[in-house]
Trainee: 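My questions will all concern the structure given below.
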Amino acid sequence: MKKIILIVSLMLFSQYHAKTIRDSAYSAPETFSRFDFDDDCDACGCAAGNGSSGFESLLNPQFIGIKYFAQHYKAKENLFVKDLTQDQYFNTLQLWGKIPLTKKLSVYASLPFHFHEKKTMQGDIKINGIGDLNLMGIYQLVSSKDNFHQLSGGLGVKIPVGKFDEKGTSGVNPSFQLGTGSWDYQAALNYKFQKNKVAVLVNTDYTIKTENKKNYRFGNQWNYAAAGFYQVAGNENSIFSVKTGVQGEVYAQNKQFDEALPNTAGSALYGKLGFEASYKKLSLGTEVMLPMYTHLAGGDIEAKSRLSIFLNIGI
């Protein structure tokens, strides 16, 4: 198993340095191809853990791909000092894919590899390893005759593959983990409007988190996002589009032995800007997110920035 993990991580790392990363994009000339949705729920979220990167636009109806997702937070290192001095970096490389079973039903899966770091007065603390496995079924609920409007829904489960360290919950950010150690469940909705060179996506998802074997339960999480896309250029083989939007996250309190833990709830709102490009079955894109509002862990944690990059291959 350790050899398999090492091989997978080396493949991911080499792909990242070769500029290969996430989302999807083969489409017909001069128009967007069909947009679909997919969740990228957090691997071990609470007030400032591995937050969601949101639902991304997926221009290929079926794909395999790789994504890099980086997050930066500032945390209060010393409870007796008001300043947020501790830098925390959450980094994830993720293998993912979406395979249609029927015209309306598809299955999505993702497996992350995390390498996190936080800087403390006692020195840097680093953890790395495989995170929790995500599986989701996605069903197209509504599609207008002109195909301008589509509504899709999804139900998913997160399988606790990643390691949960009970000692890590004693810090300012209990989400400094590889996994939650719990089976978590998700419901999601995605609405898409698409006409000519313009597309709009509105997404929301809710994750119910359960108690793990250490009697610890991360708070439930609600994500929501809206993004607009405009096709700048395109022909029969390639397409380039820009996107902008907002994304929000709301976290409930964590619990241990069914007792609510203080300074573990919170919320954040991000503005985001990015692009997507494709050539035949290859698609490449990136997205930068900056906080418009952040109040995490009772103010003990502040969101700073996020960056995602992806490469997908249509199958």
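Remember, predicted model here, so these are calculated numbers, not experimental data.
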Trainee: Assign the ring pair Tyr108 / Trp96 to parallel, tilted or perpendicular, where the plane angle (0 to 90°) is split at 30° and 60°.
Mentor: perpendicular
Trainee: Using distance alone, with no hydrogens and no angle criterion, decide if Asn203 and Tyr224 have a side-chain donor and acceptor under 3.5 Å apart.
Mentor: no
Trainee: Can you classify the ring geometry of His72 versus Tyr89 as parallel (below 30°), tilted (30 to 60°) or perpendicular (above 60°)?
Mentor: parallel
Trainee: State whether Lys255 and Glu211 are salt-bridged, where the test is any N-O pair (Lys NZ or Arg NE/NH1/NH2 against Asp/Glu carboxylate O) under 4.0 Å.
Mentor: no
Trainee: To the closest 0.5 Å, what do you measure between NZ (Lys195) and NE2 (His149)?
Mentor: 9.0 Å
Trainee: I'd like to know if the side chain of His295 pairs up with that of Ser267 as donor and acceptor (distance under 3.5 Å, no hydrogens or angles considered).
Mentor: no
Trainee: Does one side chain, of Thr85 or Asp83, offer a donor that lies under 3.5 Å from an acceptor on the other?
Mentor: no
Trainee: So how far is it from Gln88 CD to Lys119 NZ, rounded to the nearest 0.5 Å?
Mentor: 11.5 Å
Trainee: Going by salt bridge (charged side-chain N to carboxylate O under 4.0 Å, His left out), name the residues that satisfy it together with Asp87, two or more places apart in sequence or in a different chain.
Mentor: Lys74
Trainee: Check whether Phe69 forms a cation-pi arrangement with Lys67 (NZ or CZ under 6.0 Å from the six-membered ring centre, at most 45° off the ring normal).
Mentor: yes
Trainee: Determine, for Phe176 and Lys118, whether the Lys NZ or Arg CZ falls below 6.0 Å from the six-membered ring centre while staying within 45 degrees of the axis.
Mentor: yes
Trainee: Have Gln221 and Lys209 got a donor and an acceptor in their side chains that come within less than 3.5 Å?
Mentor: yes
